[in-house]
**Q** 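Quick one: the structure is below, and I'll ask about it shortly.
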2 protein chains.
Amino acid sequence: MDSSLSSSSRSQGPRLHPGMISSILLVMRYRPEHKIETHEKIVKDASRRVRAEGLNGAAVAAVMRDAGLTHGGFYKHFASKDELLIESLKEGFQDIIASLVHAAEQSPPGEAWKTIVKTYLRPEMSEHPEHGCPLATLGPELARVDKRMKPQIVTELVNYKSRMVPFMPGRRTADKERAFFAIFSTMIGAVALGRLLPDPVRDRVLANAQDFLLRGF
Amino acid sequence: MDSSLSSSSRSQGPRLHPGMISSILLVMRYRPEHKIETHEKIVKDASRRVRAEGLNGAAVAAVMRDAGLTHGGFYKHFASKDELLIESLKEGFQDIIASLVHAAEQSPPGEAWKTIVKTYLRPEMSEHPEHGCPLATLGPELARVDKRMKPQIVTELVNYKSRMVPFMPGRRTADKERAFFAIFSTMIGAVALGRLLPDPVRDRVLANAQDFLLRGF
DNA sequence: TCCATAGGATGATACGTATCATCTTATAAG
DNA sequence: CTTATAAGATGATACGTATCATCCTATGGA
């Protein structure tokens with residue numbers, strides 16, 4: 001690995017030698033992955049909390065406790081709470097994108113969008129908002145966040161769209177985009193509406209939306 | 001009005017006479033409508049705030065200030081903040097129900113549902129959440145409120161549905177109910193999604209949902 | 001004119017929360 | 001083993017908010 005640098009006696013002048021490198025660059029007291037790992041754990045916990053309890057369900061103290069830490073270390077990981085929010089939203093979007101893409105990919109091309117609809121509208125998806133689509137859980141709240149966060153949220157949404165559009169019904173891309181908005185509007189609304197109602201009714205709302213979409217295209 | 005009770009000299013024994021009535025029942029220092037009026041003003045202000053800023057946008061102090069009062073008198077009007085929340089939600093639902101019913105009633109019976117769709121999806125409706133549908137503004141938040149409030153929210157939603165169903169497309173009531181859920185899911189989702197996006201895109205999302213629905217039934 | 005009182009105002013309390021300053025400690029490098 | 005230092009813990013501050021106790025005052029009736 002570092003064999004070319006291992007004999008410092010051969011280097012002349014003030015060139016970099018292993019000792020200098022380690023004292024300048026490699027001064028890491030914890031495993032290099034350590035901070036990254038806990039950072040990711042915090043974000044994942046926050047992402048679940050945010051989807052389950054809304055934008056202010058991810059209180060600093062609560063999220064840190066989830067990660068087995070105390071509130072004090074928070075600002076070693078994030079410049080502000082908003083930064084955590086953005087990261088946990090991103091995490092949430094990647095979460096459902098992964099689920100939906102995975103489902104879509106193992107179904108015949110023409111049917112992929114139907115698979116996405118069926119996956120999104122499964123009752124278990126509604127039952128577990130902490131693993132569900134951030135749009136269905138906190139869509140309206142996201143519309144009200146601080147101006148500074150909006151561009152980043154729009155970016156996530158645009159990315160979401162671009163990952164879904166390939167699977168959408170329609171010939172031209174413009175058609176697929178229209179289908180994306182129509183289909184996701186219906187699904188987001190159905191999940192939101194369903195969650196207001198007691199279990200059996202909720203499932204009927206979801207099934208109804210599914211029928212509507214599968215027949216509608 | 002009270003002429004039958006006006007001559008107290010005619011009554012014998014410990015019967016009710018005007019003096020007693022006024023000292024027992026009619027001891028009202030302010031106009032009887034006074035309290036009701038300010039109560040309604042508080043609720044209307046809260047209803048706007050809640051729809052514009054979310055469930056915790058209606059802070060006691062803020063709402064009272066809107067009404068030209070201070071926070072102290074709040075509990076002369078409401079037993080708790082939750083009580084205000086319920087009342088302002090009810091107000092919000094009555095608000096859009098009135099708008100939609102009004103629009104629907106002045107259009108030919110078979111077309112009423114189309115008018116509702118066009119009204120709900122107007123860009124101005126999206127621009128002014130404080131006068132819009134509570135479901136589009138705080139649907140997911142309502143799904144997370146305290147268990148004790150849920151029944152009352154469900155009641156409001158059921159009432160909303162029963163007011164819209166008569167205008168929905170379909171022959172039998174069951175069909176109309178299915179249409180209600182499909183149509184409102186799509187509209188709620190479209191408004192929520194649209195509000196995440198910058199103005200011109202938002203309007204396309206709304207128009208897209210409208211086309212989808214008008215063609216879909 | 002005076003009074004009783006309900007509506008409203010002032011002010012206090014208790015709690016949650018974001019943020020930051022300062023202290024402690026685990027650990028890789030030497 | 002020692003040491004430097006970054007990750008994390010403790011604790012403090014500041015602010016918002018719900019709730020309530022207590023005070024003030026406008027006003028209809030006498």
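Chain letters run A, B, ... following the sequence lines, proteins first and then strands; every chain starts at 1. For the numbers below, each heavy atom of this structure counts, side chains included, while hydrogens, waters and symmetry mates do not.
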**Q** What is the distance, to the nearest angstrom, from the NE2 atom on His77(B) to the P atom on dG7(C)?
**A** 7 Å
**Q** Scan side-chain atoms only and decide if Ser88(A) and Ser47(A) contain a donor-acceptor pair under the 3.5 Å cut-off.
**A** no
**Q** Quick check: closest heavy atoms across Phe93(A) and Pro134(A), and the distance to 0.1 Å?
**A** N-CG, 3.7 Å
**Q** Given side chains that start at C-beta, do those of Met149(A) and Ile86(A) come closer than 4.5 Å, heavy atoms only?
**A** yes
**Q** One thing to verify: whether Glu53(A) and Arg144(B) come together as a salt bridge, which I'm taking to mean a side-chain N less than 4.0 angstrom from a carboxylate O.
**A** no
**Q** At under 4.0 Å, does any side-chain N or O of Thr38(B) touch on OP1 or OP2 of dG8(C)?
**A** yes
**Q** Could you list the donor-acceptor pairs under 3.5 angstrom formed by side chains in residues 57-70 of chain A, with sequence neighbours left out?
**A**
residue, atom, partner, partner atom, Å
Asp66(A), OD1, Arg49(A), NH2, 3.3
Asp66(A), OD2, Arg49(A), NE, 2.6

**Q** Between P on dA7(D) and CZ on Phe78(A), what's the gap in Å once rounded to a whole number?
**A** 13 Å
**Q** How many Å lie between CD on Glu33(A) and C1' on dT27(C), as a whole number?
**A** 13 Å
**Q** dT10(C) P sits how many Å from Arg65(B) CZ, rounded?
**A** 13 Å
**Q** Which atoms form the tightest heavy-atom contact between Met164(A) and Ile116(A), and what is the distance?
**A** SD-CD1, 3.9 Å
**Q** Taking only the side-chain nitrogens and oxygens of His34(B), find out if one of them lies under 4.0 Å from OP1 or OP2 of dG28(D).
**A** no
**Q** Tell me the interatomic distance from Leu69(B), atom CG, to dA26(D), atom C1', rounded to whole angstroms.
**A** 14 Å
**Q** Which parts of nucleotides 12-22 of chain D does protein reach within less than 4.0 Å, heavy atoms only, written one letter per nucleotide 5' to 3' as B for base, S for sugar-phosphate only and - for none?
**A** B----SSBB--
